[in-house]
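The structure under discussion appears below in the form of structure tokens.
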Amino acid sequence: MKIGVSFPTTSIGHDSGAVREFVQTAEDLGYSHIRVLDHVVGANPDKHPEVPEFYYTHESAIREPFTLMAYISGFTERIELVTGIIILPQRQTVLVAKQAAEVDVLSGGRLRLGIGVGWNPVEFTALGENFRNRGQRIEEQIEVLRLLWTGNPVDYHGRWHHIESAGINPLPVQRPIPIWMGAGAPGKPVGPNRVLQRVGRLADGYFPLCEAGDTARTLIETVKRHAQAAGRDPDDLKIEGRIELVGTPEDWKTALAAWEELGADLVSIGTARSGFNTTNDHIQAIKTFKDIA
């Protein structure tokens with residue numbers, strides 16, 4: 001099982017030197033990938049009572065993932081670059097295809113594109129997209145992305161996308177770039193069944209949004225069952241678990257064994273919820289985990 005790290009974006013904030021130090025340490029330690037989250041804008045909770053819960057706000061420093069990964073690709077050689085996740089329906093599909101292809105080229109084929117539908121309608125309004133039909137649109141977006149990554153020119157006429165003999169250049173190294181999917185929200189890992197069906201039908205991999213345990217087992221079994229119902233080999237749908245580095249190193253080791261028992265292909269360790277105050281705190285945590293893994 002491969003082990004990567006989640007980039008502690010809200011903790012590292014604006015310090016580009018700290019970005020380099022954290023990511024370079026992760027690569028030097030032998031971690032397989034770095035996982036980056038996405039929010040284009042943050043909302044002021046005091047002005048948006050219609051949103052039931054905020055996981056990030058206008059005061060949270062969150063880096064733009066494609067730009068950040070392009071920067072990272074310039075000083076790394078091996079570590080895989082993963083979005084966990086890009087909120088695809090709030091972004092222009094063809095532009096995402098172009099940005100992702102550029103990161104894949106710059107990194108020598110190290111991009112894995114995790115996508116999801118998002119949870120915050122305020123972001124969709126700010127970006128001029130419809131929050132209510134995001135689930136329907138993402139399926140067409142996935143189809144368009146894969147076409148644009150594998151051919152040039154492309155002709156496509158769908159419900160939301162119209163491309164007339166046009167394409168991106170350069171094409172990515174990976175043709176197509178792997179598309180992984182998340183479902184649910186922090187604290188609410190069990191998304192609607194239609195979303196889990198979508199994962200099983202369309203995704204190359206799945207991020208369960210929970211710790212290892214009965215909920216994760218049920219979710220993994222569900223998406224793999226949907227994959228099989230769609231005529232796919234369920235083993236082709238890969239799984240990446242998550243471990244938050246809270247508690248003791250012995251707790252972390254137990255969590256790692258639990259994901260292995262569930263058959264996860266990869267796991268990401270996260271330090272953002274650990275109460276660390278400095279970049280060095282985050283670095284020391286991933287060093288400690290590597291010692292026990």
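Position 1 is the first residue of the sequence, and the numbers go up from there. Owing to the predicted nature of the structure, the values given are computational and were not obtained by experimental measurement.
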Side-chain heavy-atom pair R273, L245 within 4.5 angstrom cut-off: no
Begin from the C-alpha positions of E261 and R217 and carry the test salt bridge (charged side-chain N to carboxylate O under 4.0 Å, His left out) through to its verdict. CA-CA 10 Å; E261 192 274 329; R217 184 185 304 277; 2.8 Å; yes
So, for Q174 and P178, which heavy atoms are closest and what is the spacing to 0.1 Å? OE1-CD, 3.3 Å
Rounded to the nearest 0.5 Å, what's the gap from OG1 on T222 to CG on N193? Could you check? 7.5 Å
Can any side-chain N or O of Q92 pair as donor or acceptor with the backbone N or O of L95 at less than 3.5 Å? no
Would you say L37 ends up clustered with F66 if hydrophobic residues are merged whenever their side chains have heavy atoms under 4.5 Å apart, either directly or through other cluster members? no
Aromatic ring centroids of W180 and F207 under 6.0 Å? yes
Could you tell me which non-hydrogen atom of R63 sits nearest to which non-hydrogen atom of D15, and how far apart they are? NH1-N, 4.0 Å
Taking every non-hydrogen atom, the tightest pair across K253 and I292: N-CD1, 3.8 Å
So, do Q99 and E102 sit near enough that their side-chain heavy atoms are less than 4.5 Å apart? no
Say whether, by atom type as modelled, one donor and one acceptor occur between the side chain of D281 and the main chain of N277 under 3.5 angstrom. yes
Please indicate whether H14 has more than 12 foreign heavy atoms, meaning atoms of other residues, nucleotides or ligands, lying under 6.0 Å from its NE2. no
Rounded to the nearest 0.5 Å, what separation is found between the CG atom of N130 and the CD atom of Q90? 12.5 Å
Can D38 and R91 be counted as an ion pair, charged N to O under 4.0 angstrom? yes
Any Lys/Arg nitrogen of E80 or R35 sitting under 4.0 Å from an Asp/Glu carboxylate oxygen of the other? no
Mind running side chain to side chain donor-acceptor pair (under 3.5 Å) on Y156 and E143 for me, showing each step along the way? CA-CA 10 Å; Y156 183 88; E143 184 178 6; 3.1 Å; yes
Would you sort out whether H33 and L266 count as a side-chain contact (heavy atoms from CB on, under 4.5 Å), showing the intermediate values? CA-CA 9 Å; H33 60 278; L266 309 97; 3.8 Å; yes
Taking S268's backbone N and O only, do any of them form a donor-acceptor pair with S6's side chain (distance below 3.5 Å, no angle check)? no
Can a salt bridge be assigned to the pair E139 and R134 using a cut-off of 4.0 Å between side-chain N and carboxylate O? no
List the steps, then state whether side-chain contact (heavy atoms from CB on, under 4.5 Å) holds for W160 with T93. CA-CA 10 Å; W160 291 284; T93 312; over 6 Å; no
For the side chain of K224 and the backbone of P234, is there at least one donor-acceptor N/O pair under 3.5 Å apart? yes
Set out, in order, the CA-CA distance, both residues' side-chain angles and the distance that settles side chain to side chain donor-acceptor pair (under 3.5 Å) for N120 and H39, then state yes or no. CA-CA 9 Å; N120 189 350; H39 286 288; 5.9 Å; no
Where is the tightest heavy-atom contact between P65 and V36, given as atom of each residue plus distance? CB-CG1, 4.0 Å
A side-chain contact here means heavy atoms from C-beta on lying under 4.5 Å apart; do K287 and T25 qualify? yes
CD1/I163 to CG/L147 distance, rounded to the nearest 0.5 angstrom? 7.5 Å
Side chains of M69 and L111: closer than 4.5 Å at any heavy-atom pair? yes
With a 4.5 Å cut-off on side-chain heavy atoms, are W149 and L171 touching? no
Just by distance, do the side chain of E140 and the backbone of R159 share a donor-acceptor pair under 3.5 Å? yes
Residue pair D235 / Q228, side-chain heavy-atom distance below 4.5 Å: no
Pick out which of D291, T254, T288 makes a side-chain contact (heavy atoms from CB on, under 4.5 Å) with P249. T288
Tell me whether the NZ or CZ atom of K290 lies within the 45° cone about the ring axis of Y31 and under 6.0 Å from its centre. yes
Do R242 and C210 have side chains that approach each other closer than 4.5 Å (heavy atoms only, starting at C-beta)? no
Validation row: T10, I62 side chains within 4.5 angstrom (heavy atoms): yes
Shared ILVMFWY cluster between V199 and I115, side chains joined below 4.5 angstrom? yes
Separation of T278 OG1 from Q284 CD (nearest 0.5 Å): 8.5 Å
Rounded at 0.5 Å granularity, tell me how far CD in E221 sits from CG in L262. 8.5 Å
Can you tell me how far the CG atom of L196 sits from the CD1 atom of I220, to the nearest 0.5 Å? 11.5 Å
Nearest heavy-atom contact between A255 and A212 is O-CB, 4.3 Å
Look at the aromatic rings of W119 and F54 and report parallel, tilted or perpendicular, splitting at 30° and 60°. perpendicular
Residues R20, E27: salt bridge by 4.0 Å N-O rule: no
Run the numbers on M1 and V267 for side-chain contact (heavy atoms from CB on, under 4.5 Å), then give the verdict. CA-CA 7 Å; M1 184 171 65; V267 68; 4.2 Å; yes
Can you check side chain to side chain donor-acceptor pair (under 3.5 Å) on Q24 and T76, steps first, answer last? CA-CA 7 Å; Q24 191 65 71; T76 57; over 6 Å; no
Can you tell whether the side chains of E129 and R137 come within less than 4.0 Å, N to carboxylate O? yes
Check: S274 side chain, F276 main-chain N or O, donor-acceptor pair, under 3.5 Å: no
Transitive ILVMFWY side-chain link I177 to L88, under 4.5 Å: yes
Worked verdict on S32 versus R78 for side chain to side chain donor-acceptor pair (under 3.5 Å): CA-CA 8 Å; S32 66; R78 299 176 304 280; over 6 Å; no
Using a 3.5 Å distance criterion without hydrogens, assess whether the side chain of D204 forms a donor-acceptor pair with backbone atoms of I179. yes
Going through the distances and angles, do F7 and I72 end up as a side-chain contact (heavy atoms from CB on, under 4.5 Å)? CA-CA 11 Å; F7 179 71; I72 290 171; 5.6 Å; no
Does E50 have more than 12 heavy atoms from other residues, nucleotides or ligands lying within 6.0 Å of its CD? yes
Look at the side-chain heavy atoms of Ile, Leu, Val, Met, Phe, Trp and Tyr, link any pair under 4.5 Å apart, and say whether L202 and L113 land in one connected group. yes
May I ask whether I243 and F22 are part of the same hydrophobic cluster, defined by side-chain heavy atoms of I, L, V, M, F, W, Y residues being less than 4.5 angstrom apart, directly or through others? yes
Smallest separation among heavy atoms of W259 and E211, with atom names: CZ2-C, 3.6 Å
